[in-house]
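Order of the sequence lines sets the chain letters (A, B, ...), proteins ahead of strands, with each chain counted from 1. Any value given below was found using the heavy atoms of this structure, including those in side chains, with hydrogens, waters and symmetry copies removed.
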Number of protein chains: 2
Amino acid sequence: MDKEMMKGNIDLILLSLIAERDLYGYEMTKKLKRLSDEAYSMSEGTLYPALKRMERKGWVTSYWSAPEGERRKKYYTMTNEGETELERKQKDWASLHSLLHKARKSYDT
Amino acid sequence: MDKEMMKGNIDLILLSLIAERDLYGYEMTKKLKRLSDEAYSMSEGTLYPALKRMERKGWVTSYWSAPEGERRKKYYTMTNEGETELERKQKDWASLHSLLHKARKSYDT
DNA sequence: TTTTAATACATCGTATTACAAGGGTTCGTG
DNA sequence: CACGAACCCTTGTAATACGATGTATTAAAA
């Protein structure tokens, strides 16, 4: 998968991940790599600013976790607004999918 | 459909349209609006620079048509490179779709 | 006939975005 | 102790989407 394909969809990807369970940043990069069969690596220069952005928009919140003997990790968790936004993005995604389908099939003149 | 959803997918959309048959710019905006049930309007400030960009990249070529009594229109047509690029983008799109699916389903830990 | 709306192409300035490159700390293992 | 992996972050740059704006031409309405 070309990295270009991620453009414009970073937030949707991250929201989808975080919706499942709380994750910390570094973990997200590893998970994405695994889920894409090593095809896609999200650079940290993309990830961390994106997380900040989403937190600023109120879609996620974060908390530090530092259990005994473990190093600190910054976990991100979903807000209600984030869930709303995710649903919106999923709908948009479906609409775009449908639009592309129609375009390919020359649905009308 | 929110306009935001188009970000990063403009080229894919336009290539999909042009792959079906030669089209001129203004026609593309109308067709997209129709295909999306009036939900999406591609602004001309988005469209024309995008067409120029794709022509520069060799994905499409253009020709002017000015039949007797009709006003001039600039038609765009697909190149072989454009078809290759379209296939590449379609594959990427499918990969992203799969990735999102796996993210939602908590496919792994 | 004058005005208005639609058709058709284009550019410019701005805000946003993705990312490579870099910086830093902490921890485990050889 | 050295080294790499785990973890977080910022800065600068290039590309992108789009609103605003400009210019002609043609069709329709007033």
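For the OP1/OP2 pair of dT16(D) and a distance below 4.0 Å, the side-chain nitrogens and oxygens of K7(B) include no atom meeting the criterion. Of the side-chain N and O atoms in K30(B), none sit less than 4.0 angstrom from OP1 or OP2 of dA8(C). Listed pair K52(A) / dT10(D) meets the phosphate criterion, a side-chain N or O lying under 4.0 Å from OP1 or OP2.
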In a table with atom names and distances, give each donor-acceptor pair under 3.5 Å that connects a side chain of residues 47-60 of chain A to protein atoms at least two apart or in another chain.
from, atom 1, to, atom 2, distance (Å)
R53(A), NH2, D11(A), OD1, 3.2
E55(A), OE2, S62(A), N, 3.3
E55(A), OE2, S62(A), OG, 2.6

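Salt-bridge check for K89(A) with E85(A): passed, with a basic side-chain N closer than 4.0 Å to an acidic carboxylate O.
Side chains of S98(A) and S95(A): a donor-acceptor N/O pair is absent below 3.5 angstrom, by distance only. With no hydrogens or angles considered, a side-chain donor-acceptor pair links K33(B) and S41(B) at under 3.5 Å.
The distance between atom CE of M6(B) and atom P of dC18(D), rounded to the nearest whole Å, is 9 Å. Counting to the nearest Å, the C1' atom of dT16(D) and the CG atom of N9(A) are 14 Å from each other. With rounding to whole Å, Y26(B) atom OH is found 15 Å from dT23(D) atom C1'. Remark: P of dT23(D) and CZ of R72(B) are 15 Å apart, rounded to the nearest angstrom. Whole-Å rounding puts the E55(A) CD to dC8(D) C1' distance at 13 Å. Straight-line distance from the NZ atom of K33(B) to the C1' atom of dT7(C): 14 Å, rounded to whole Å. In this structure, OH of Y76(B) is placed 14 Å from P of dA8(C), rounded to the nearest angstrom. In this structure, M54(B) places its CE atom 13 Å from P of dA10(C), rounding to the nearest Å.
The R53(A) side chain lies nearest to dT17(C) when the options are dC9(D), dT17(C), dC7(D). When the nucleotides dA15(D), dT26(D), dC9(D) are ranked by their closest atom to the side chain of R71(B), dT26(D) comes out on top. Taking the side chain of Y24(B) as heavy atoms from C-beta on, and the options dC9(C), dC18(D), dT11(C), the nearest nucleotide is dC9(C). Among the nucleotides dC9(D), dT16(D), dC19(C), the one closest to any side-chain atom of K74(A) is dC9(D).
The shortest side-chain heavy-atom distance between L17(A) and R104(B) does not fall under the 4.5 Å cut-off. Taking 4.5 Å as the limit, some side-chain heavy atom of Y40(B) sits within range of a side-chain heavy atom of M42(B).
Within residues 44-51 of chain B, the residues approached by DNA chain D to less than 4.0 Å at the level of any non-hydrogen atom are G45(B), T46(B), in residue-number order.
Checked by atom type and distance alone, the side chain of E27(A) pairs as donor or acceptor with a backbone atom of Y24(A) at under 3.5 Å.
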